[in-house]
There are 2 protein chains.
Amino acid sequence: MRPTVHDIAEAAGVSLATVDRVLNRRPGVRAETRARVEDAIGRIGFVRDMAAANLAKSRIYPLVFIIPNGDNSFMAGLRQEIEEAIQRSPLERTEIQRIDVPAFDARALAEALDSLLADPPVGVAVVAVDAPEVHAAIGRLREQGTVVVTLVSDLPGSARDHFAGVDNIAAGRTAGSLMGRFLGGRTGSVAVIAGSMLVGDHRDRLTGFSERLNEINPTLDILPVLESQDDPDAVYRLISKRLAADPEIAGIYNLGAGNRGLIRALTGLRESHGRPMVIAHELTQHTRHALLDDLIDAILNQDPGHEVRSAIRVLKAKADGVPVIDAQERIRIDIFLKDNLS
Amino acid sequence: MRPTVHDIAEAAGVSLATVDRVLNRRPGVRAETRARVEDAIGRIGFVRDMAAANLAKSRIYPLVFIIPNGDNSFMAGLRQEIEEAIQRSPLERTEIQRIDVPAFDARALAEALDSLLADPPVGVAVVAVDAPEVHAAIGRLREQGTVVVTLVSDLPGSARDHFAGVDNIAAGRTAGSLMGRFLGGRTGSVAVIAGSMLVGDHRDRLTGFSERLNEINPTLDILPVLESQDDPDAVYRLISKRLAADPEIAGIYNLGAGNRGLIRALTGLRESHGRPMVIAHELTQHTRHALLDDLIDAILNQDPGHEVRSAIRVLKAKADGVPVIDAQERIRIDIFLKDNLS
DNA sequence: CAGATTTTGAGGTACGTAAATCAGAAATTG
DNA sequence: CAATTTCTGATTTACGTACCTCAAAATCTG
């Protein structure tokens, strides 16, 4: 049988109350006694039964997720995962609230963050927008004692406790690697579409992509970035125009959202002549079909389910002052071809 | 506040004892009363607090993992993950025992399985070897009421309850896809190394690889499979010989273990002329370095940590008669390039 | 060394569920 | 309708931890 608090008490020759004081960092224990108890804990290998502890505490963790309300599939997937986490709430002793804010709107986001100050939750997960007012709002929450993690989109240099998302420079490099290798020694130009160059993630992806592609095949010509605001229709217009201007385009990399527009543009192309190599981000029902239909060659993905669950784990751990196992919380960059669609 | 058993009792107008009888499928409840209680459960949205339930039951799940004792890095990684699960045991109410058996030895494996019959654990996870005696031994365990999941290597057609591993045909197809695309329109021959064609997984990978590579580039010539018994030295010898015989070889696919031998053979090659395209399985410290050193182009991976944790979840769930969420337990085929090493 | 203060002990209740006992009510049987 | 069987209620204990109170002991102060 695994040791309990009673065993600690016996091993240390103290009472249960003292053990409890030590375990829960309550005052009123001499340093010497504390050491004796801690020694006993180590000796008999006691591990607190979190289930029982949570039961006794009937602790719940009020958490808030703030995400942009754009209608792109990735955010829809993220929203879905948050909803599922809300369903699981009673089992995980969390109480999760989801707040939607307009996309790319730093002001609205900062206001949403500040609205939490009145009744601050234990933790907040937020899809960050890179702006001073957001920095400041996060700082205010942190000062209140609220744990803040950025989700999907980071805010380096801010007071956030953790980032639950991928390394976007590495993601860009991975895309560049695939593009370079898939195109082999071919020459020609490569089109790149982003949501907005004002978003840190998108800048990072572009940086990584350009660097890596240039390493592998310097003869490829990376065209100036097209900005879509993550709007499928804009993606469609921009890509169609580009393809019309240069039908011999060798590759397309969409590092932002709006893949539906990309797919639409490619579908039209298909019948006429061979299509360019296409790499995009985020596995959704649309990109999944496009992969299977040979309209897209590779999809880079970050699993929103992992991100949400990781964010929750980290928020709870940091709230309890428990260390986070970084390796476990690292979000991977998944590569999907039509053959390994999970 | 979330509803408790007391709330069910009140809502259904019955006593706590009756609710308990219904919840835990104990006899002595009229169908009509049972229905009333179940209706109330649904109506008020009761979800059993598993933490409290386990606490009350003080249930522990005795589990056994049986794995081959080969010294290749993948199995070492698997062993490591099992050890970590053993460390976590007290927290997860499991009691895990690890049994090592000689690799590729059906007789020894069957004996190990049969040895459990005396004091059968709740669940067994086993890296299967495809042989009639293993089928039979698994059947006997199942009849005893023990849950059996195959790990890494499946035994289709046997009585196992679940398989915690990847779809190896899809893994082979993914490798074929990458090889075909990375080689572009090039012609030449592709060498394939396997551990043993007697192992189902390896046969599956070869099937998928050949199919897919042939679809993409039929001019590539897939050479007859080399069998290494997953021994690094054998891999080194076989590959070196093959490379000496045909220095113009376009690609190498190692679908088995023994990557250390492959890497050694490639290191020698490096200085002389360009090396072939290389794809292998399982991310280990060796293959990781080889990726970073540009000795290997892509690694397909199955995460042993995921497999072990999934196996434990499934064993516990099946032991409790709780349904398993298949989507959650699907083990992905990860693709790693040097750029997305997690 | 008296008095104040800090430290420790003993014991209880609570969390939500499981599991048991025993008595009483209802339904079924002959 | 009495005897039996089946079903249901009321109550209790237990799981391991948290947290509270009150009293007793030890230590520190001047």
Side-chain angles (χ1 to χ4, degrees), chain A residues 1-41 44-61 89-95 319-322, chain B residues 1-41 44-61 89-95 319-322:
Chain A
M1 260 348 260
R2 87 188 254 207
T4 74
V5 282
H6 294 85
D7 300 321
I8 303 177
E10 195 175 340
V14 300
S15 78
L16 213 57
T18 303
V19 172
D20 180 67
R21 287 177 187 118
V22 172
L23 275 178
N24 297 294
R25 308 175 194 294
R26 272 185 263 278
V29 184
R30 252 186 317 163
E32 190 201 324
T33 314
R34 179 179 300 275
R36 217 164 74 236
V37 172
E38 275 162 356
D39 176 64
I41 291 174
I44 67 176
F46 170 84
V47 195
R48 196 199 233 94
D49 183 335
M50 273 306 184
N54 285 332
L55 179 59
K57 276 197 282 213
S58 21
R59 158 147 210 188
I60 53 165
Y61 299 81
S89 264
L91 295 163
E92 300 179 342
R93 319 201 93 83
T94 55
E95 189 174 74
D320 288 345
V322 173
Chain B
M1 263 344 258
R2 86 188 255 209
T4 76
V5 283
H6 295 85
D7 300 322
I8 304 177
E10 195 176 339
V14 300
S15 79
L16 213 56
T18 303
V19 172
D20 181 66
R21 288 177 186 117
V22 172
L23 275 178
N24 297 295
R25 307 175 195 295
R26 272 185 262 279
V29 184
R30 251 187 314 165
E32 189 201 324
T33 313
R34 178 178 301 275
R36 218 165 72 235
V37 172
E38 275 164 355
D39 176 64
I41 291 174
I44 68 177
F46 169 84
V47 195
R48 197 200 232 93
D49 182 335
M50 272 306 181
N54 284 333
L55 179 59
K57 276 196 281 213
S58 26
R59 159 150 210 186
I60 53 164
Y61 299 80
S89 264
L91 295 164
E92 300 180 342
R93 320 202 92 82
T94 54
E95 190 174 72
D320 289 343
V322 173

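Proteins come first, then strands; the chains are lettered A, B, ... in the order of their sequence lines, and each starts at number 1.
- When the C1' atom of C:dA10 is taken as reference, atom CG of A:Leu16 falls 10 Å away, rounded to whole Å.
- With DNA chain C read from its 5' end, the first of the two nearest nucleotides for A:Ala17 and B:Ala51 is the one closest to A:Ala17.
- Straight-line distance from the CG atom of B:Asn54 to the C1' atom of C:dT17: 10 Å, rounded to whole Å.
- Taking atom CG of B:Asp7 as the reference point, atom C1' of C:dG16 lies 11 Å away to the nearest angstrom.
- Per the geometry, CZ belonging to A:Arg26 stands 12 Å off P belonging to D:dT21, to the nearest Å.
- The separation between A:Met50 atom CE and D:dC15 atom C1' is 17 Å, rounded to whole Å.
- For B:Thr18, a side-chain nitrogen or oxygen approaches OP1 or OP2 of D:dG9 to under 4.0 Å.
- With C:dT17, D:dA18, C:dT21 as the choices, the nucleotide that has an atom nearest any side-chain atom of B:Phe46 turns out to be C:dT17.
- Among the nucleotides C:dC15, C:dG9, D:dG9, the one closest to the side chain of A:Ala56 is C:dC15.
- Just one of B:Leu23, B:Val5, B:Thr4 meets the side chain to side chain contact (heavy atoms under 4.5 Å, CB included) condition when paired with B:Arg48; it is B:Leu23.
- Taking atom CD of residue B:Glu32 and atom C1' of nucleotide C:dA25, one finds them 15 Å apart after rounding to whole Å.
- Distance, B:His6 NE2 to C:dG16 C1': 8 Å, rounded to whole Å.
- A donor-acceptor pair is defined here as one N or O able to donate and one able to accept, closer than 3.5 Å; no such pair exists between the side chain of A:Asp39 and the backbone of A:Ala35.
- For the pair A:Arg21 (side chain) and A:Gly28 (backbone), a donor-acceptor distance under 3.5 Å is absent.
- The residue among A:Arg30 and A:Thr4 whose nearest nucleotide of DNA chain D is located toward the 5' end is A:Thr4.
- Of the inter-residue distances, the one linking B:Arg34 atom CZ with B:Arg25 atom CZ reads 8.5 Å to the nearest 0.5 angstrom.
- Across D:dC19, C:dA27, C:dG16, the shortest atom-to-atom separation from the side chain of B:Ala52 is found for C:dG16.
- In this structure, of C:dT21, C:dG16, C:dA18, it is C:dT21 that holds the atom nearest to the side chain of B:Arg21.
- Checked against D:dT17, D:dC19, D:dG9, the side chain of A:Arg48 finds its nearest nucleotide in D:dT17.
- B:Asp20 comes within 4.0 angstrom of a base, heavy atoms only.
- Atoms CD1 (A:Ile8) and P (D:dT17) sit 7 Å apart, rounded to a whole Å.
- Here the nucleotide nearest the side chain of B:Lys57, chosen from C:dA19, D:dA18, C:dG9, is C:dA19.
- Each of C:dG9, D:dC15, C:dG16 was ranked by its minimum atom distance to the side chain of B:Ser58; first place goes to D:dC15.
- Taking CZ of A:Arg30 as the reference point, atom CZ of A:Arg36 lies at 8.0 Å (rounded to 0.5 Å).
- No hydrogens or angles were tested; on distance alone, nothing pairs the side chain of A:Arg2 with the base of D:dG16 as donor and acceptor under 3.5 Å.
- Residue A:Asn24 is classed as a sugar-phosphate contact, given heavy-atom separations below 4.0 Å to backbone atoms only.
- In terms of modelled atom types and a separation under 3.5 Å, the side chain of B:Thr94 and the main chain of B:Tyr61 share no donor-acceptor contact.
- Toward the 5' end of DNA chain D, the nearer of the two residues A:Leu55 and B:Arg34, judged by each one's closest nucleotide, is B:Arg34.
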